[in-house]
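Inspection log for the structure reproduced underneath, given as structure tokens.
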There are 2 protein chains.
Amino acid sequence: MGARLTNGIALPGEGKGAKSTLASSVYQQLRDDLLRGALEAESKLRVEWVVSRYGAGASPVREALNRLAAEGLLGRHDQRGFFLMPVSATELEELTRTRCWLEERALRESIAHRTAEWEEQLVLALHRLARAERRLPEDPTTNNPEWEKLHRAFHRALIAACGSHWLIGFCDQLSDQASRYRLISQNAPGTGRDEIGEHRIIAERMLDGDADGAVEALLNHYRLTAAMCMERFAQGYDPKAGLAKARRR
Amino acid sequence: MGARLTNGIALPGEGKGAKSTLASSVYQQLRDDLLRGALEAESKLRVEWVVSRYGAGASPVREALNRLAAEGLLGRHDQRGFFLMPVSATELEELTRTRCWLEERALRESIAHRTAEWEEQLVLALHRLARAERRLPEDPTTNNPEWEKLHRAFHRALIAACGSHWLIGFCDQLSDQASRYRLISQNAPGTGRDEIGEHRIIAERMLDGDADGAVEALLNHYRLTAAMCMERFAQGYDPKAGLAKARRR
DNA sequence: ATCAAGTAGAATCTCGACAAAAAAGCTGAT
DNA sequence: ATCAGCTTTTTTGTCGAGATTCTACTTGAT
């Protein structure tokens with residue numbers, strides 16, 4: 001198993017010459033895959049499976065798994081290994097509720113402490129999001145990872161001026177969880193939803209300093225997304241579907 | 001944590017029941033020591049030092065360190081190891097502010113969804129806290145670890161009925177950070193503060209369903225603690241003190 | 001004296017093998 | 001057929017050695 005390292009060729013996003021460790025590399029890739037909903041099939045996550053998939057030894061893989069478990073993306077039981085956190089309707093509801101609480105506070109603080117610099121970043125984030133394609137051009141049934149990145153960046157830009165990196169971190173964590181649900185339930189295309197319009201309204205009200213209006217728009221945005229997820233995944237998602245596939249061996 | 005293990009090798013010398021995994025044991029002990037402010041001297045945390053102190057190999061120690069870093073109690077730089085998160089006045093201010101935001105929401109929700117069971121738990125937590133000694137009987141200058149446990153349990157009981165384990169987890173995280181500051185700056189004894197009285201007032205207003213009053217009492221409680229910490233640690237704590245000691249060699 | 005380059009030392013990080021535990025499979029009796 | 005108890009297999013968790021990287025120190029030149 002040759003260690004196929006990705007150093008030497010600097011990725012465009014990694015301008016800092018910081019050489020990453022294997023543990024961090026596995027962490028990043030596995031995290032992306034988790035958020036992409038790429039491996040929701042298996043409930044259990046054997047370390048040997050991760051080792052063979054990402055081409056690293058057991059030690060860095062275990063370090064990555066420990067980080068993800070501490071973040072709440074994975075679960076862990078002593079002497080029983082790691083597993084993907086289960087999903088459920090009640091958990092989605094609780095998640096959305098918590099998210100609304102925190103984001104409302106973050107939004108209001110962000111508006112109260114806005115600066116010109118922050119406004120420009122917000123405009124920029126909205127512009128980039130509007131330019132990106134929602135789905136992959138070659139396959140309109142799958143989400144565009146680039147759009148997901150920009151979407152997350154936009155929502156982070158909204159609360160960037162709230163003045164608490166703790167609150168920003170918590171919102172990020174909840175955002176990760178939410179996108180996991182969104183991508184598991186494969187948000188249906190073209191359900192008559194004007195996504196970019198929703199985002200634009202939120203941004204405009206933010207820029208106008210209309211805190212109440214922005215909060216209302218944002219919470220509706222979250223609740224609508226959650227409702228669509230809930231519906232689709234209450235009727236369509238079968239947690240045992242993946243296990244059948246895993247049995248082939 | 002009531003996992004009674006059928007571990008034949010009792011090894012009573014260790015005291016701590018190293019029941020499950022070494023990584024979890026090191027995690028628990030190191031976390032306790034961090035919150036106790038027991039090792040704030042050195043800024044850097046060499047894994048070999050942890051290995052020799054807690055008697056485990058490098059692998060479980062690294063797993064424990066990764067968990068703590070993901071929780072925000074430690075910092076980490078690739079290829080540069082782990083370090084204790086620095087403390088500062090601005091960080092304490094930001095922490096306190098964030099904590100007030102989250103705890104206010106949690107408190108209001110907890111009151112709104114209170115049950116008889118929850119009320120009883122709260123009464124119990126207050127009673128236990130009132131019974132415990134604030135300082136160690138044999139050495140009145142150091143805090144009583146038992147009191148710290150009960151104090152944390154009381155504050156968690158306040159928000160236990162808020163209906164979101166996410167929010168509870170975030171509040172716990174902030175509570176950990178806050179107690180780190182409190183114990184670093186060695187909260188002064190006998191500054192005329194009626195601690196048990198403050199806690200009792202909060203609990204009484206909670207039980208009365210007086211949300212506004214409870215919130216006011218709780219936030220004042222946090223802000224007073226923070227102010228005392230801030231004062232003592234702005235004038236008394238020198239972050240370079242530990243480094244100077246480290247240079248002797 | 002300051003600064004740069006090169007070297008020796010120390011720390012981090014990773015790998016492969018081993019021990020311990022849990023899960024799966026098997027036999028035999030009720 | 002079911003279940004307890006034992007054996008086999010799989011998986012987790014741990015250790016020690018080695019490779020890679022960072023840090024501190026010495027040396028030499030402007």
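All values below come from the heavy atoms of this structure, side chains included, with hydrogens, waters and symmetry mates left out.
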Under 4.0 Å between a Lys/Arg side-chain N and an Asp/Glu carboxylate O for R152(B) and E148(B)? no
Run the side chain to side chain donor-acceptor pair (under 3.5 Å) test against R76(B) and tell me which residues pass, sequence neighbours left out. D78(B)
Within the structure shown, what part of the strands sits under 4.0 Å from T21(A) by heavy-atom distance: base, sugar-phosphate, or nothing? sugar-phosphate
Check the interface with nucleotides 17-19 of chain D: list each N/O to N/O pair with the protein under 3.5 Å, or write none.
none

Where the side chain of L22(A) is defined as all heavy atoms beyond and including C-beta, which of dC13(C), dT12(D), dC15(C) is the nearest nucleotide? dC15(C)
To the nearest Å, how far apart are R62(B) CZ and dG13(D) P? 17 Å
Ignoring hydrogens and geometry, is there a side-chain-to-backbone donor-acceptor pair from Q173(B) to E71(B) under 3.5 Å? yes
Euclidean distance, atom CD of residue E63(B) to atom P of dT12(C) [Å, nearest integer]: 16 Å
Whether the side chain of S179(A) engages the backbone of R182(A) through a donor-acceptor N/O pair (distance < 3.5 Å, no angle test) should be reported. no
Tell me if the CD atom of E133(B) is crowded by more than 12 foreign heavy atoms within 6.0 Å. no
Output, in order, the C-alpha distance, side-chain angles, deciding distance and verdict of ring pair (Phe, Tyr, Trp, His ring centres under 6.0 Å) for H165(A) and F170(A). CA-CA 9 Å; H165(A) 65 265; F170(A) 295 151; 9.5 Å; no
In whole angstroms, the gap separating P of dT14(C) from OH of Y27(A) amounts to 15 Å
So, taking the atom named CZ in R36(A) and the one named CD in Q29(A), what distance separates them when rounded to the nearest 0.5 Å? 10.5 Å
Give me the residues of residues 74-82 of chain B where at least one heavy atom lies under 4.0 Å from an atom of DNA chain D, by number, or none. Q79(B), R80(B)
Out of dT14(D), dT11(D), dC15(C), which has the shortest distance to the side chain of R46(A)? dT11(D)
Taking OP1 and OP2 of dA22(C), is either one under 4.0 Å from a side-chain nitrogen or oxygen of K44(A)? no
Separation of dG9(C) atom P from E48(B) atom CD, nearest Å, is 19 Å
Whole angstrom value for the distance that separates P of dT11(D) from CZ of F83(A): 18 Å
Can you tell me how far P of dT14(C) sits from OH of Y54(A), to the nearest Å? 16 Å
Exceeds 12 heavy-atom contacts within 6.0 angstrom, atom CZ of R31(A): yes
Nearest 0.5 angstrom please: D32(A) CG to Y27(A) OH, how far? 9.5 Å
